Number of protein chains: 2
Amino acid sequence: MESLREVGYRLTPQRMLIIAIIHDSKGHVTAEDVHTRVTEQYPFVDISTVYRTLQLLKKLHLVNETDLGGGRVEYELAQEARHHHLVCRRCGATSPLDDEMIDPLRARLLEKHGFRADMEHFAIFGVCRTCADKGQKG
Amino acid sequence: MESLREVGYRLTPQRMLIIAIIHDSKGHVTAEDVHTRVTEQYPFVDISTVYRTLQLLKKLHLVNETDLGGGRVEYELAQEARHHHLVCRRCGATSPLDDEMIDPLRARLLEKHGFRADMEHFAIFGVCRTCADKGQKG
DNA sequence: GTAGTTATTGCAAGTCGTTGCAATTGCATC
DNA sequence: GATGCAATTGCAACGACTTGCAATAACTAC
């Protein structure tokens, strides 16, 4: 919580609230979610402040941002091990993916292209095992 | 051009124009680009029609859609070999990436997770060789 | 060629997210 | 604890893109 100040940013009540809410949330939250919960406690926080704070936290690698395809971007705390998400485009289910799975790709990109890929928090779309077993096409 | 009709969609002048423009474009175009060029020839086409047509062409795998991070999505003809893009977050340069590079990842996802990943047209962000050589951090 | 059906269009309004700017406020200095 | 100043906020306007809906028009069947 004090980490913001340590890196030279101001610690405002809005930011404290937003950070606290993300901390208390299990899994992903949207900006809308955060805004709703912030205004429950402190009604005059603008949604743009939520977005700006989320961007800041992302820049500081305190939260991860992922587009899981639901029309709005989702955020989660970046405390855990680096990971990614498999998103089924049939049923919408998401499952986590260890970063190790894409490490070889990262290595190959560096080796062959001299490109240092971030791939911080990826959403990989496709069809999950369950859905593939049910239907056949696609 | 007739392919739309063959799959059961109507061939309207708007669609013909939009398809022709994408065909004539080298590389990526934005919806805005397409709309501008369409209205040069036929002034009353709405931007929503452009978006809807682009979505349709994407669904039929006639165009690829990629978010290269410039605040607007880019489209290109899906005629060429399947490929992806490396996008440098320092200088903004993009370079194409063979699909073979990510094929092993696709294989591993199927093997370990039973997940059939699309990864149709990826944008991978990071730092390119040139920029990595110049600055050090990041 | 006409009539009927339904996909497609244009328009206007709506969505999520960003941004310019003046007013405010955190924080460092006195 | 008052002062100064830049970072931060709220607001309103804007950006890209989507969507509901009535009017239009492409295709089919006659």
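Since we're looking at a predicted model, the values are computed, not measured. The figures that follow rest on heavy atoms only: side chains count, while hydrogens, waters and symmetry mates do not. A note on names: the letters A, B, ... follow the listed sequences, proteins ahead of strands, and every chain is numbered from 1.
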OP1 or OP2 of [N] less than 4.0 angstrom from a side-chain nitrogen or oxygen of [X], does that happen here?
X       : N      : answer
A:Thr49 : D:dT8  : no
A:Gln55 : C:dT18 : yes
B:Gln14 : C:dG10 : yes

Next on the checklist: Under 6.0 Å between ring centres: does that hold for A:Phe125 and B:Phe122?
Outcome noted: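 So the answer is no for these two rings.
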
Item to check | Pair A:His121 and A:His61, ring centroids less than 6.0 Å apart | outcome: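 No.
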
Report the distance from atom [atom1] of [X] to atom [atom2] of [N], rounded to the nearest whole Å.
X       : N      : atom1 : atom2 : result
A:Tyr42 : D:dG10 : OH    : C1'   : 11 Å
B:Leu4  : C:dA7  : CG    : P     : 15 Å
B:Met16 : D:dC27 : CE    : C1'   : 13 Å
A:Arg5  : D:dT8  : CZ    : C1'   : 14 Å
B:Ile47 : C:dT8  : CD1   : P     : 19 Å
B:Lys58 : D:dT18 : NZ    : C1'   : 12 Å
B:His35 : D:dT18 : NE2   : C1'   : 15 Å
B:Asp67 : C:dT18 : CG    : C1'   : 15 Å

Checklist entry - Hey, are the side chains of A:Arg82 and A:Glu120 touching, using non-hydrogen atoms and a 4.5 Å cut-off? => result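 A:Arg82 vs A:Glu120: side chains touch.
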
Item to check | Contact check, side chains of A:His28 and A:Leu68, non-hydrogen atoms, under 4.5 Å | outcome: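 A:His28 vs A:Leu68: side chains touch.
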
Next on the checklist: Does this structure show an ion pair linking B:Asp118 with B:Arg106, if we count only N-O contacts that are shorter than 4.0 Å?
Outcome noted: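 No, B:Asp118 and B:Arg106 are not salt-bridged.
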
Checklist entry - Under the 3.5 Å rule, do the base of C:dT8 and the side chain of B:Arg15 count as making a donor-acceptor pair? => result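 Looking at the base of C:dT8, it does not pair with any donor or acceptor on the side chain of B:Arg15 (distance under 3.5 Å).
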
Checklist entry - Has the side chain of A:Arg52 got a donor or acceptor atom sitting under 3.5 Å from an opposite partner on the base of D:dG10? => result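 Present.
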
Looking only at side-chain atoms of [X], point me to the closest of [options].
X       : options                : answer
B:Tyr51 : C:dT25, D:dT9, D:dT18  : D:dT18
B:Leu11 : D:dC27, C:dC27, C:dT8  : D:dC27
A:Ser48 : D:dT8, C:dT8, D:dA12   : D:dA12
A:Arg10 : D:dG10, C:dG26, D:dA26 : C:dG26

